[in-house]
Each structure stands twice: as C-alpha cells, then as structure tokens.
Amino acid sequence: MGFKIGVVGAGQFSKCFIPLLQAHPFVEEVALAEVVTSRREAFVQAFRIARSYASLEELLASDVDAVAIFTQRHLHGPHTLQALRAGKHVYCAVPMAQSLDDIEQIMNEVVRTGLIYMTGETSYYYPSTILCRDKFKAGAFGDFVYGEAQYMHDMSHGFYDAFKYSGGDDWKKVAGIPPMYYPTHSVSMLLSVTGAKATKVACLGYTDKHEDGIFRQGANLWDNVFSNQTALVSTSDGGSLRLNEFRRVGWGGPNSVYMSMYGTEGSFEEHAGGAAWTSKTWGDVVDLTGDLSCQDAYVELKDLEQDLHPTLKNDFHSTFAIVHPQHRLPLSFQGLPNGHFGSHQFLVDDFVKALHTNLLPPNHVWNAAKYLAPGLIAHESCLRGGEMLAIPDFGDAPSHWNLLDPDAFRAGD
C-alpha cells in the first residue's frame, strides 16, 4: 500500500504538483482541502480526486499520512504546526514560516515526533545550483570566497493576479510582505552549494513609491514600506554573500532567480539568458548557457488553465536542462507537468522517497531554517538602517537521522 497525501490549497501552484503526486509509484491516493467551494469542486473534477475537504482541520482528521501545504505564504508556519501536531508528515511550499519562534516550534515538533518535514524550495534544483553544487563537491571552486543571488520579480509580472486569487478582497494586506521574508530562492542557491551557514547580516531597503500603495505603513500586515531589499551576509566558512530581493525592478530576463559564485580556484557567473565558468587560467572561459537552458514544456491541465503572465508561464511550465539528473526520477513522471526550471518533479520525488525510507530529504527542516532565518534578520536590520545583526543558528540534523540520497534509486524500478 502506498501513502495517502492531502494537498492543502487549490491554486496556481498546487495544480502543478497534484498530477506528480498522483503518478508517483509510492503514492496510493491524493486528497484535497480547499475552503472555496467552487475551486475545490473544479480541482476534484479535473484531477478525479475521490476525497475532498472544506478545511485543513477536516483533512487532518482523516487518515492521510502526509500533507502538502500550498496556502498563502504567511500561513505556512501555523498550518505546518497544525499538521505536525496532528501526526502528519509535511511538505510545505516556501517559506517555512514568518518568525523565528515558528521556525523553532516546527523544528521541535519534528524532533519530538520523528515526522518528515520538507520545504519545497525550487531553487535547490535549478540548473545553475546543481552545476555549482557538483563543481563545488569536486573541488573546482577551491575555497568559497563570495556569492550573489537575486530574486528579481516585479509586481506587474503576475504577482497582482496571484495575490488577488489567494488573498481575496484584502489581497493588498498580504501582497506587501517584506521581500526578505521570502528569501529562500536566493539563499538556498548559495548555501545549498557550500553547506555553510549565514552568521551575520546587514540590509538596506528601497522605500516604495508606486501608486498602488501596497508597500506602505498601515497598508499591509507587516507595516512594510520596502519593495526592494539588499543584504550583505557573512558565512560560517569565511565567505560573504550579497542577496537581492526586488519586487519593483525593470527586469524581464528569462531567469528571475539567478546566482554567481566565486572561489579561490574557479568561478561561475549567471546573468540574463547566459552563464559561464572560468578559472585562474587566462582565457579559460566556458559558455554554459546551453547546458543550463530549460526547454518550454507547456502541459495543459484542462478546465484549470488561467491567463498567466509570460514570466509565470515560464516558471510554472519549464522542464529539464542538461545538468538535471533525470535518471533518478520515476518513469511514471515522463510527459507530466514540470516547472520552475525543472524542479517540481525532483521535489515531489524527494518527499515521497523520504516517506518511503524514513530518511531526511535534502531540504529538511534544518536546511529550511538555514534558508529562511537570514531573511527574517535582514528585514530587522533594514528597519534599523542597515545595522549588522547576528543570525541565530538552529543547529544541524541529529547524527542518528541519516540523509536521503535521492540518486541512489529510482522509485518503481
């Protein structure tokens, strides 16, 4: 018998993951929880879902083994804690929470219960991250010196519609979330390569001027006025990072999330539509653009497609690059939706394999904290005019809890 997994939220993102969960050979059933009746009924019909629920509470009272949370980002912490306390394994879209206290509580519940928690960080499987992780492990970078990563997503590139869909009449109250409260795309690209932790951060912000009034005192849940934030970070391996989280920016590149890394022996640079590797040898420059490019693989989900902004359409429907280890994925995934630069299928496979083996997935709770905490402290630094602040260390996974090697086997073989 396979696992029964309950998806929480019927939105743009969850519809990309339901077909993958249903197709995984270790999954027996996918149920759904959604508070809006019309959306719940549409998903039930489109995906032939046998059991659906009108609330998270109803779903948690059922016999599902795990939940996959795709609710509004500021609700992820409370919803995760509800699920863990109900005895369910948790996959949660990023970010894991909105406070240091929620991070600590989630971690304590995982330790107390022994349940699997995984953060759905797409950037972990972006082609550039995979390439740099492989080269770093092989020693090609040498010692880490400096890295920079940015999430350049203008509000006009699909965010208005997304927040209206999830936030209803009060959508502006949640749309004004501090950019550094959603830092994990940027942070994970770098720290998942080196394995280091962020130790100190100083951050500056751009006070928003746009007429929509989203980023204003009193206009959002956080009284946040910053639409763009830039952080400088010290890391435990002696290196440093620069992180940009921009929501008002004239950027239309195909990769809204991208990174560059510099080591003592070699370096990787990524920009709009291009990437290259270089070393200390004069003239040694390798164009990696083709190796990292994802093909467009739009898979229509009948009756559920919406008019997505081209930026979001690319995010939600791009597929594999040359560097992706496709050999490890279940054969049942072939021809199914993918997205966010080929990451969706790997994330689903990681989570279900973790349930099957009772081993920690790569994006486990301790890494989720490592990806998020720098941003939470960065925003606090921003409020203090750029003061350098210490980032709390939430520790490492206990030595008795082994890490899953997703490449070790292919589910279904």
Side-chain angles (χ1 to χ4, degrees), residues 9 11 13 69-82 92-106 119 121 150-188 198 201-233 243-249 256 368-369 371-392 394:
F13 205 36
I69 297 172
F70 298 97
T71 56
Q72 296 182 78
R73 58 196 71 181
H74 66 289
L75 299 176
H76 289 174
H79 286 171
T80 293
L81 286 168
Q82 275 186 263
C92 185
V94 295
M96 72 181 295
Q98 296 283 274
S99 71
L100 297 176
D101 182 61
D102 275 358
I103 293 176
E104 185 172 13
Q105 288 191 58
I106 290 170
T119 189
E121 180 43 66
Q150 34 269 318
Y151 181 26
M152 314 277 267
H153 195 149
D154 191 81
M155 290 296 294
S156 67
H157 287 180
F159 264 158
Y160 287 130
D161 289 338
F163 279 115
K164 289 176 183 177
Y165 182 89
S166 61
D169 293 338
D170 291 331
W171 67 274
K172 287 189 177 182
K173 291 184 179 180
V174 296
I177 182 174
M180 281 294 168
Y181 273 29
Y182 197 81
T184 63
H185 292 334
S186 301
V187 178
S188 70
V201 61
C203 183
L204 297 175
Y206 168 81
T207 301
D208 196 58
K209 303 178 179 68
H210 198 279
E211 62 186 11
D212 63 22
I214 290 173
F215 298 96
R216 294 288 190 279
Q217 191 83 20
N220 55 69
L221 296 177
W222 304 268
D223 287 328
N224 174 50
V225 301
F226 303 116
S227 54
N228 300 329
Q229 293 178 300
T230 296
L232 290 178
V233 181
L243 307 171
N244 286 331
E245 292 291 334
F246 290 175
R247 306 298 176 257
R248 303 284 194 202
V249 59
S256 60
Y371 302 157
L372 175 60
L376 300 182
I377 302 301
H379 181 65
E380 180 63 26
S381 170
C382 204
L383 294 174
R384 299 188 190 186
E387 180 182 345
M388 180 69 76
L389 300 176
I391 299 168
F394 286 93

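This is a predicted model, so every value here is computed, not measured.
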### Query
Do Asp212 and Tyr160 have side-chain atoms, one donor and one acceptor, less than 3.5 Å apart?
yes
### Gln229 side-chain N/O to Cys203 backbone N/O, donor-acceptor pair under 3.5 Å
no
### Spatial distance of atom NZ (Lys164) from atom CZ (Phe159) [nearest 0.5 Å]
14.0 Å
### Heavy-atom side-chain proximity of Trp222 to His379 below 4.5 angstrom
no
### Query
Quick one: does Asn228's side chain have a donor or acceptor within less than 3.5 Å of a partner on Arg247's backbone?
yes
### Rounded distance [0.5 Å steps], CD in Gln105 versus OG1 in Thr80
11.5 Å
### Query
Does any non-hydrogen side-chain atom of Leu100 lie less than 4.5 Å from one of Phe394?
yes
### Query
Just by modelled atom types, is the His157 backbone N or O under 3.5 Å from a matching donor or acceptor in the His153 side chain?
yes
### Message
Check whether Asn220 reaches the backbone of Ala175 with its side chain - one donor and one acceptor, N or O, closer than 3.5 Å.
### Response
no
### Task
Measure across Val233 and Ala198 and return the closest heavy-atom pair with its distance rounded to 0.1 Å.
CG1-CB, 3.5 Å
### Student check: side-chain heavy atoms of Leu243 and Tyr151 closer than 4.5 Å
no
#### Entry: Side chain proximity check, Asp208 to Val225, heavy atoms < 4.5 angstrom
no
### Message
When you compare the side chain of Pro95 with that of Leu372, does any pair of heavy atoms fall below 4.5 Å?
### Response
yes
### Query
From Ser227 OG over to Arg216 CZ, what is the distance, rounded to the nearest 0.5 angstrom?
8.5 Å
### Query
What is the minimum heavy-atom distance between Met96 and Ala369, and which atoms define it?
SD-N, 3.5 Å
## Note on the structure
On a heavy-atom basis, the closest approach of Leu389 and Ser381 is CD1-N, 3.5 Å
### Message
Nearest 0.5 Å, please: how far is CG in Leu221 from OH in Tyr181?
### Response
11.5 Å
### Task
Give, for atom OG1 of Thr71 and atom NE2 of His79, the distance between the pair rounded to the nearest 0.5 Å.
5.0 Å
### Query
Rounded to the nearest 0.5 Å, what separation is found between the CD atom of Gln98 and the CD1 atom of Ile103?
9.5 Å
### Message
With a 4.5 Å cut-off on side-chain heavy atoms, are Ile177 and Asn224 touching?
### Response
no
## Note on the structure
Correct closest heavy-atom pair for Gln72 and Gly167 would be OE1-CA, 3.7 Å
### Task
Identify the two heavy atoms, one from Tyr371 and one from Pro183, that lie closest to each other, and give their separation to 0.1 Å.
O-CG, 3.8 Å
### Task
Establish, yes or no, whether a centroid distance under 6.0 Å links the rings of His210 and Phe215.
no
### Message
Could you check whether any side-chain heavy atom of Ser166 comes within less than 4.5 Å of a side-chain heavy atom of Trp171, counting everything from C-beta outward?
### Response
no
### Message
Using the rule given for side-chain contact (heavy atoms from CB on, under 4.5 Å), can you reason through Met180 versus Phe226, listing the C-alpha separation, both sets of side-chain angles and the distance that settles it, and then say yes or no?
### Response
CA-CA 9 Å; Met180 281 294 168; Phe226 303 116; over 6 Å; no
### Message
I want to check something: taking the side chain as every heavy atom from C-beta on, are Thr230 and Tyr206 in contact at a cut-off of under 4.5 Å?
### Response
no
#### Entry: Where Ser186 and Glu245 come nearest, the two heavy atoms and their spacing
OG-OE2, 2.8 Å
### Message
Is a donor from one side chain sitting under 3.5 angstrom from an acceptor on the other, for Asp154 and Ser156?
### Response
yes
### Query
Does a sphere of radius 6.0 Å around CG in Asp169 hold more than 12 heavy atoms from other residues, nucleotides or ligands, not counting ones at 6.0 Å or beyond?
no
